Number of protein chains: 2
Amino acid sequence: MTESAHAASRQEQKERTRQAILAAALELTQTVGFAQISLRQVARHAGIVPTAFYRHFESMDELGLALVEQSFSTLRHMIREAQRDPKVFDNIIDAAADVLVEAVKHSKAHFAFVARERVGGSEAVRRAIRHELDLFVSELAIVLARLPNIETWSFDDVQMVSRLFVRNMVSNAEEVVEMPDGRPDLEEQIKEGARRQMRLIVVGFRDWRS
Amino acid sequence: MTESAHAASRQEQKERTRQAILAAALELTQTVGFAQISLRQVARHAGIVPTAFYRHFESMDELGLALVEQSFSTLRHMIREAQRDPKVFDNIIDAAADVLVEAVKHSKAHFAFVARERVGGSEAVRRAIRHELDLFVSELAIVLARLPNIETWSFDDVQMVSRLFVRNMVSNAEEVVEMPDGRPDLEEQIKEGARRQMRLIVVGFRDWRS
DNA sequence: ACTTTGAGTGCACGCACGTTCACTCAAAGT
DNA sequence: ACTTTGAGTGAACGTGCGTGCACTCAAAGT
């Protein structure tokens with residue numbers, strides 16, 4: 001056994017290269033769509049020779065799917081963390097707006113990738129993102145269903161509100177992504193807009209159904 | 001003077017080729033993003049030799065902007081027609097849902113192009129679409145401001161509702177575009193969803209502000 | 001001490017691309 | 001009848017691409 005000291009340097013190095021490829025692709029994707037970056041560009045950016053790429057991914061499409069997975073696992077992790085915060089129960093709307101803007105700012109590249117490839121990507125990538133978003137809607141619906149104001153609603157209604165929330169989240173994330181850096185005023189404006197929209201949904205839904 | 005009979009066949013032919021190029025690009029764009037189709041593909045599809053392309057457009061980017069313009073002029077034309085219909089005043093929400101679905105179905109390709117290139121396109125194309133959508137928000141706000149329920153609202157409020165409507169329109173258009181052909185049940189479902197969302201916005205806004 | 005493994009290399013290939021240039025040949029202008 | 005114009009042609013170029021193949025050379029396994 002040689003698993004010894006500080007983990008096997010063999011797999012370690014492979015994983016490091018894999019991450020370098022993912023990071024390179026993510027960075028290149030910030031200026032143009034994923035579909036129009038080449039395997040050679042990615043390899044060059046990652047500091048490897050083009051053929052070495054194949055040791056990690058069978059094709060660019062597979063790399064794209066890996067990026068989708070990485071993006072959503074980042075996002076999901078943030079949501080899980082935010083749920084532990086007790087303020088969420090007090091005021092889910094303000095909390096959601098805060099989390100959204102912070103999350104997008106923190107991993108802008110991943111959000112930008114998802115926002116862009118959600119509609120512009122290859123068939124496979126698009127489907128993967130759509131699927132992840134559907135999962136996300138269901139996950140959010142569970143959280144929502146436990147909230148004081150909402151716990152009496154029907155399953156379908158909660159699901160629909162959840163869908164509206166996610167849709168708005170996507171739209172707002174797009175806006176934050178397109179936001180030029182160093183404009184905290186714009187950021188606050190987007191946050192306030194998101195808050196108002198969510199309040200609109202909740203208020204309107206309650207009154208309409210009552 | 002030779003402007004005679006049925007218009008000069010010289011410019012006529014040029015215009016026909018131009019339209020063939022636009023149509024070719026639009027069709028090719030249905031399966032992949034505009035940025036990843038090549039000048040040569042477009043030329044091939046349009047039935048001309050690659051170099052002839054330059055007689056009509058200086059670059060693919062210019063062609064992209066022309067497609068944006070064409071798409072929105074189609075859209076705007078439909079909205080103008082719909083405004084003449086008196087039922088719009090009676091029930092703008094149901095009318096809007098109908099118009100939206102019909103419009104998207106009628107010129108699916110243009111909507112698909114806009115939906116995709118809005119976020120996935122080149123910088124120039126993206127900016128052009130964003131600008132057109134902003135214009136559209138203002139235009140819709142004028143229509144909305146004349147409606148019975150809304151005429152007392154402030155300018156900013158109307159503008160915000162208009163923005164929400166357009167955002168929802170874009171989302172729903174995306175859904176219709178992704179909708180497989182020959183599924184009238186899905187279509188009705190989307191339409192109903194759009195209706196509910198719009199009602200939500202109007203109801204929620206009124207109650208929240210009152 | 002030895003073999004095996006596999007991440008990364010370097011070269012070579014055929015292909016599609018954007019763009020150039022000199023050209024044809026009808027319609028439009030005179 | 002003539003010239004001019006300009007949309008469309010066809011060959012040629014340099015470039016970057018994806019991918020195949022034979023390779024190196026340490027780490028991992030024995």
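In what follows, chains carry the letters A, B, and so on, assigned in the order in which the sequence lines appear, proteins first and then strands, with residues in each chain numbered from 1. Predicted, not measured: the structure shown is a model, and the values here were computed from it.
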[X] side chain: which of [options] is closest?
X       : options               : answer
B/Pro50 : D/dG18, C/dT9, C/dT19 : C/dT19
B/Thr17 : C/dG8, D/dG8, C/dT19  : D/dG8
B/Ser38 : D/dC17, D/dT9, C/dC17 : C/dC17
B/Lys14 : D/dT9, D/dA7, C/dG18  : D/dA7

Round to a whole Å and report the spacing from [atom1] of [X] to [atom2] of [N].
X       : N      : atom1 : atom2 : answer
A/Arg18 : C/dA7  : CZ    : P     : 13 Å
A/Leu63 : D/dT19 : CG    : C1'   : 17 Å
A/Met60 : D/dG16 : CE    : P     : 17 Å
B/Glu15 : C/dA27 : CD    : P     : 19 Å
B/Gln36 : C/dC17 : CD    : C1'   : 15 Å
A/Gln11 : C/dG8  : CD    : C1'   : 17 Å
A/Ile21 : C/dA7  : CD1   : P     : 11 Å
A/Glu62 : D/dG18 : CD    : C1'   : 16 Å

side-chain hydrogen bond (donor to acceptor under 3.5 Å, both in side chains) evaluation trace for B/Gln19 with B/Gln70: CA-CA 10 Å; B/Gln19 291 304 325; B/Gln70 203 185 47; 3.3 Å; yes
Side-chain H-bond candidate by donor/acceptor type, A/Thr17 with A/Gln13, under 3.5 Å: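 Checked: A/Thr17/A/Gln13 side chains pair up, N/O donor to acceptor below 3.5 Å.
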Determine: side-chain N/O of [X] to OP1/OP2 of [N], distance under 4.0 Å, yes or no.
X       : N      : value
A/Gln13 : D/dA27 : no
B/Arg44 : C/dC17 : yes
A/Gln41 : D/dC17 : yes

Nearest 0.5 Å, please: how far is [atom2] in [Y] from [atom1] in [X]?
X        : Y        : atom1 : atom2 : answer
A/Gln159 : A/Leu164 : CD    : CG    : 11.5 Å
A/Trp153 : A/Leu144 : CH2   : CG    : 8.5 Å
B/Glu139 : B/Asp134 : CD    : CG    : 12.5 Å
A/Leu63  : A/Arg18  : CG    : CZ    : 8.5 Å
A/Ser162 : A/Phe136 : OG    : CZ    : 8.5 Å

Under 4.0 Å protein heavy-atom contact, by nucleotide of nucleotides 20-26 of chain D - B base, S sugar-phosphate only: BB-----
Nearest-nucleotide 5' precedence on DNA chain C, A/Arg40 against A/Ala52: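 So the residue in question is A/Ala52.
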Whether over 12 other heavy atoms sit under 6.0 Å from B/Glu58 CD: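 For B/Glu58, atom CD is not crowded (no more than 12 foreign heavy atoms under 6.0 Å).
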Sidechain-backbone polar pair: B/Arg116 side chain, A/Val119 backbone, donor-acceptor under 3.5 Å: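 The answer is yes, because a donor-acceptor pair under 3.5 Å joins these two groups.
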Working for side-chain hydrogen bond (donor to acceptor under 3.5 Å, both in side chains), residues A/Arg44 and A/Gln41: CA-CA 5 Å; A/Arg44 222 176 292 134; A/Gln41 275 176 58; over 6 Å; no
Pair assignment for DNA chain C - dot-bracket with | for other-strand partners, Watson-Crick or G-U under 3.5 Å: ||||||||||||||||||||||||||||||
Which residue lies more 5' along DNA chain D, comparing A/Ile37 with B/Ile48 via nearest heavy atoms: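 Mapping each residue to its closest nucleotide by heavy atoms, the 5'-most match is B/Ile48.
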